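Take a look at the structure below.
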Number of protein chains: 2
Amino acid sequence: MFYGCPPTAAPIRVGDKWTAKIIRCLELGPRRFTELQRPLRGITPKVLTESLRAMERDGLLTRTAYDEIPPRVEYELTTLGRSLLEPMNAGCEWSRKHLAELMRARETWHAGTS
Amino acid sequence: MFYGCPPTAAPIRVGDKWTAKIIRCLELGPRRFTELQRPLRGITPKVLTESLRAMERDGLLTRTAYDEIPPRVEYELTTLGRSLLEPMNAGCEWSRKHLAELMRARETWHAGTS
DNA sequence: CGGTATCCTAGTCGATACTG
DNA sequence: CAGTATCGACTAGGATACCG
């Protein structure tokens with residue numbers, strides 16, 4: 001979706017910088033901490049934890065810790081979290097249709113407005 | 001739309017803090033600088049200018065200055081800017097349906113996670 | 001493995017004052 | 001009226017290191 005999009009250019013955002021991407025990562029089923037960390041390249045454990053905690057607090061996902069050695073924790077979207085896919089998809093569709101035009105307008109920014 | 005929503009709770013954002021609200025203000029037709037400033041209570045001229053310039057640069061709106069005394073400037077949505085109303089409405093609909101649930105989850109945040 | 005704890009930077013936003 | 005200029009606060013996010 002917005003993966004190829006420069007961060008400041010993203011015209012539509014869901015929550016903070018990572019929320020939407022985390023939702024995408026969880027779309028197909030529960031994932032573990034490191035399973036999230038890998039596709040979200042560059043996210044530090046601190047920020048990932050913060051994002052996950054915030055989303056858990058807001059009821060967007062659940063955190064399940066299994067009492068094993070080594071520890072295993074799984075994150076899974078709730079119905080509420082999954083419901084965000086709808087507006088997210090609307091945003092994606094907008095991007096597909098119009099983002100190129102926005103970027104072009106941004107490039108062509110040298111007084112030749114008219 | 002998100003007007004009654006605490007800033008950090010807004011699950012969906014368009015551009016920066018003010019972009020979506022500016023689009024709403026321009027939805028029904030062109031507006032002047034101060035006509036935008038009034039409904040967007042609390043926005044400083046500096047920030048309003050910054051937001052408008054960024055949106056103009058991205059091709060979301062046009063700025064028309066009339067050479068009069070006193071000066072008159074009008075901002076108007078482009079087709080591209082207007083197209084953002086679609087995903088914005090999707091976000092609004094999500095809020096109407098689910099924001100209360102999110103806020104409730106946020107309130108009920110005292111360890112009783114199960 | 002799944003996190004915390006510190007520290008730090010960069011960007012966003014606001015307050016205030018002034019200008020063509 | 002429609003801005004600009006300056007400063008300063010706040011905070012999201014990242015770097016790095018360590019812990020149960």
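The model shown is predicted, which means the values in this text are computed figures rather than measured ones. Order of the sequence lines sets the chain letters (A, B, ...), proteins ahead of strands, with each chain counted from 1. These values consider heavy atoms only, across backbone and side chains, with no hydrogens, waters or symmetry-generated copies.
For C:dT4, one of the phosphate oxygens OP1 or OP2 lies less than 4.0 angstrom from a side-chain nitrogen or oxygen of A:R53. The phosphate of D:dC1 has neither OP1 nor OP2 within less than 4.0 Å of any side-chain N or O from B:Y75. Note on A:R63: a side-chain N or O is less than 4.0 Å away from OP1 or OP2 of C:dG3. Between A:R32 and C:dC1 there is no side-chain polar atom (N or O) within less than 4.0 angstrom of OP1 or OP2.
The stretch residues 43-51 of chain B touches DNA chain C through B:T44, B:K46, B:V47, each having a heavy atom within less than 4.0 Å of the strand.
Take A:T78 and apply the side-chain contact (heavy atoms from CB on, under 4.5 Å) test, not counting sequence neighbours, and it matches A:T62, A:L80. The side-chain hydrogen bond (donor to acceptor under 3.5 Å, both in side chains) check on B:W18 picks up nothing, with sequence neighbours excluded. With sequence neighbours excluded, the residues that form a side-chain contact (heavy atoms from CB on, under 4.5 Å) with A:K46 are A:T44, A:E50.
When heavy atoms are screened at a 4.0 angstrom cut-off, A:Y66 is found touching no nucleic acid atom at all.
The interatomic distance linking B:R31 (CZ) with D:dA2 (P) rounds to 13 Å, in whole Å. Rounding to whole angstrom units, CZ of residue B:R13 and P of C:dG11 are separated by 16 Å. Distance A:R38 CZ to C:dC1 C1': 12 Å, rounded to the nearest Å. Remark: P of C:dC1 and CZ of A:R72 are 13 Å apart, rounded to the nearest angstrom. D:dT11 atom P lies 21 Å from atom CH2 of A:W18, rounded to whole Å. As a whole-Å value, the separation of B:F33 CZ from D:dC1 P is 11 Å. Taking atom CG on B:L52 and atom P on D:dG3, their separation rounds to 8 Å, with Å as the unit. B:D67 places its CG atom 13 Å from the P atom of D:dG3, with the value rounded to the nearest Å.
Expressed to the nearest 0.5 Å, how far CG of A:L36 lies from OH of A:Y75 amounts to 8.0 Å. The distance from the CG atom of B:L26 to the CG atom of B:L60 is 10.5 Å, given to the nearest 0.5 Å. With rounding to the nearest 0.5 angstrom, the CD atom of B:E86 is 11.0 Å from the CH2 atom of A:W94. Note that NZ of A:K97 and SG of A:C92 are 12.5 Å apart. Values are rounded to the nearest 0.5 Å.
Screening residues 26-43 of chain A for side-chain hydrogen bond (donor to acceptor under 3.5 Å, both in side chains), with sequence neighbours left out, gives A:R24-A:E27.
Looking at B:P45 and B:F33, their side chains come closer than 4.5 Å, going by heavy atoms from C-beta outward.
Fit an axis to the five pairs at each end of the helix from C:dC1-D:dG20 to C:dG20-D:dC1 and the two axes sit 50° apart, to the nearest 10 degrees.
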